[in-house]
Amino acid sequence: MADAEKVTPSNETSGSEDATQPEERLDTKPNQSPVDGRWAVVVVIVIFVARTVLTSQIVAMSVLIGKWEGQLGFPASQLAWSYSIITCLRYCAGPIAGAVNRNLGCRPLVFIGGVLAFVSLICLSFSTKLWHIILCSVVLGTSFGLVDQGCVFAVGIYFDRWHGLANGFAFSGASVGVMVGPLLTTILVNIFTWRVAVRIFAGMVTHFFVAAMVIRPLSSWMDDNCQKTSDTQVARRCSVATVSRVVSIREETQFAPQPQVQKHDDMQQSACTQDQTASKPYTPVETFCRFIKALFDLTGLNLLFKSPTVVLLCVTVFFFGCGYFPTYAYLTRYAIASGIGELQASYIFTISGVCTLVVRLSHGFLLDYGVVSPTMLFGITATLAFAGNFIIALFTPFAAFATFGVIFGFGAGTALALVPPVTKSVTSREELPTVFGLQAFFQGIGQVICVYVQGVIYDSTGSYSACFYLTGASLFAAGVCCFALQVLTKVFQRKKTNKEIFIVGKA
């Protein structure tokens, strides 16, 4: 009896501690939450390699165009469409990626993109006509868009506290791809042929399958944790909404507890559907309007009519797309026309790439430690990139181009990596996958439009300086819009806080 009396209080004490301190027990268990954890580190490393492979494939097209021109006999002006299509669809496929992510998740998104990339590269290695290359470029650009957006979604899901640092590390893979891609392509083409080189690239993109396997859905972590414990408070924390603030809508709605009122709403909805079915058929105009509405809901374009912050965000990335990518389109030709040799012109890209790599690996500390907000840092760096464009528009010595490489690498390189954190900071959790796709779409549209306008300006004036004035002004407009976005976000947050205080006070 004495032993029993001794054991009973001990058990009761242990039970009360377990019940009153569930958070401490959850924190002591390994791998309870994958967000900002060890597995998240594995995810971001795999995404870094995936971005390196993806970007190296894109810049490799510029080398392959020269080989196609010499061996297949196609004009360079028509072959250049392949590179433009790939770079454009990489971003314009954003709404499609957002729709797939909402319905299937980011893991199938990356896997589907990997399959399309592998098939398109294999087919490209057998191309003999121009339309073969263009068709493969369309499929390849779309696949890269799906993989790129899937990587962005995965970083947002698996990182919360250290999202800025992880996003910068993931984006630095693009810088490595830019520096490695042309050199690797040249070596492979010289040792083998361009067809064998493209097949080797097809083998490289199979890394996307590895990335898809590593990007484990958060719902699987939730199921494992909920099966290991019967504690109600711990089980309550095993919801996708509390594991991460940026989970996909599909996972959250699938695993979050649903209220009982839903059955009543479903009955009313089914009754309304039966009444509509029994009524007269829709007119062609009504059918078309319903189709447009369903298309807008699927791609997320309906948010442009509901959220001013989303509209301003899309305008910001549109101007940034007009300024960032078109700057590189005429940089080499402008440098050579200014009397700089081809070797020195290549140094400009190297300088810009190294600066971009350094700043992408380091700027995340400023975000994660709260030194500056993503929107403020984006505005500052976009304005800095604007200054770099105006330097080479006014001065043409190599020193000016080298200075441009440093300023543009630090400025625009940081701003491009800041687009996902800015999107996350001004968007609610439910709308995040959709807004990610929208901002990528408008960024790609800006790139395509500005490159065309640059060509028209050069044909009309015969001067490259006007092209860089245009891209510099676009970057400045992007910075100003982002400053305005920060002000608008603070205004809406203040109104929401005041409304909550008023409701609580009234209650």
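Just so you know, residue 1 is the first one in the sequence shown, and it goes up from there. No experiment lies behind these values; they were computed from the predicted model shown.
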Between the main-chain N or O of [Y] and the side-chain N or O of [X], is there a donor-acceptor pair closer than 3.5 Å?
| X | Y | value |
| --- | --- | --- |
| N190 | T186 | yes |
| S352 | I348 | no |
| S127 | K129 | no |
| T356 | G409 | yes |
| H207 | V46 | yes |
| T55 | T52 | no |
| N167 | L418 | no |
| Q57 | L54 | no |
| R90 | F144 | no |
| R360 | G413 | yes |

Q: Show your working on side chain to side chain contact (heavy atoms under 4.5 Å, CB included) between F436 and T427 and close with a plain yes or no.
A: CA-CA 9 Å; F436 268 138; T427 308; over 6 Å; no
Nearest 0.5 Å, what's the [atom1]-[atom2] distance between [X] and [Y]?
| X | Y | atom1 | atom2 | answer |
| --- | --- | --- | --- | --- |
| F319 | C450 | CZ | SG | 10.5 Å |
| T383 | L475 | OG1 | CG | 9.0 Å |
| L135 | L130 | CG | CG | 11.0 Å |
| L303 | T434 | CG | OG1 | 6.0 Å |
| L367 | S425 | CG | OG | 9.0 Å |
| Q439 | L313 | CD | CG | 6.5 Å |

Is the number of heavy atoms from other residues, nucleotides or ligands under 6.0 Å of [X] [atom1] greater than 12?
| X | atom1 | answer |
| --- | --- | --- |
| Y324 | OH | yes |
| F209 | CZ | yes |
| F476 | CZ | no |

Report yes if the side chains of [X] and [Y] come closer than 4.5 Å at any heavy-atom pair, otherwise no.
| X | Y | result |
| --- | --- | --- |
| Y158 | V44 | no |
| F468 | L331 | yes |
| T471 | C322 | no |
| V180 | S56 | no |
| I457 | Y469 | no |
| L109 | L104 | no |
| T381 | F410 | no |
| V139 | V119 | no |

Looking only at heavy atoms, which two atoms of [X] and [Y] are closest? And how far apart?
| X | Y | value |
| --- | --- | --- |
| S143 | L116 | CB-CB, 3.5 Å |
| L304 | V311 | O-CG2, 3.1 Å |
| V406 | C355 | CA-SG, 3.8 Å |
| L165 | L361 | CD1-O, 3.8 Å |

Q: For R199 and S125, test the side chains for any donor-to-acceptor distance below 3.5 angstrom and give the result as yes or no.
A: yes
Q | Exercise: do E431 and S307 side chains pair donor with acceptor under 3.5 Å | A | no
**Q.** Evaluation steps, side chain to side chain contact (heavy atoms under 4.5 Å, CB included), between F401 and Y347
**A.** CA-CA 9 Å; F401 280 92; Y347 288 160; over 6 Å; no
(Q) If you apply the rule side chain to side chain contact (heavy atoms under 4.5 Å, CB included), what do you find for M204 with L184, and how did you get there? (A) CA-CA 12 Å; M204 292 172 59; L184 178 62; 4.1 Å; yes
Q | Partner residues of A60 under the side-chain contact (heavy atoms from CB on, under 4.5 Å) criterion, sequence neighbours left out | A |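 Result, side-chain contact (heavy atoms from CB on, under 4.5 Å) vs A60: T185, F201.
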**Q.** Set of residues satisfying side-chain contact (heavy atoms from CB on, under 4.5 Å) with respect to Y458, sequence neighbours excluded
**A.** Y464, C467
Q. Does NZ or CZ of R51 fall inside the cone over F171's six-membered ring, less than 6.0 Å from its centre and within 45° of the axis?
A.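 Output yes; distance and angle both within limits.
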Q. Between F442, F325, F441, F320, which is the residue that forms a ring pair (Phe, Tyr, Trp, His ring centres under 6.0 Å) with Y91?
A.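 Between Y91 and the candidates, ring pair (Phe, Tyr, Trp, His ring centres under 6.0 Å) is satisfied uniquely by F325.
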Q) How are the rings of F408 and Y328 set relative to one another: parallel (under 30°), tilted (30 to 60°) or perpendicular (over 60°)? A) perpendicular
Q | Verdict with reasoning, F48 to V176, per side chain to side chain contact (heavy atoms under 4.5 Å, CB included) | A | CA-CA 9 Å; F48 169 84; V176 176; 4.0 Å; yes
Q: Starting from the C-alpha separation in whole Å, work towards a yes-or-no answer on ring pair (Phe, Tyr, Trp, His ring centres under 6.0 Å) for F111 and F208.
A: CA-CA 7 Å; F111 183 81; F208 298 155; over 10 Å; no
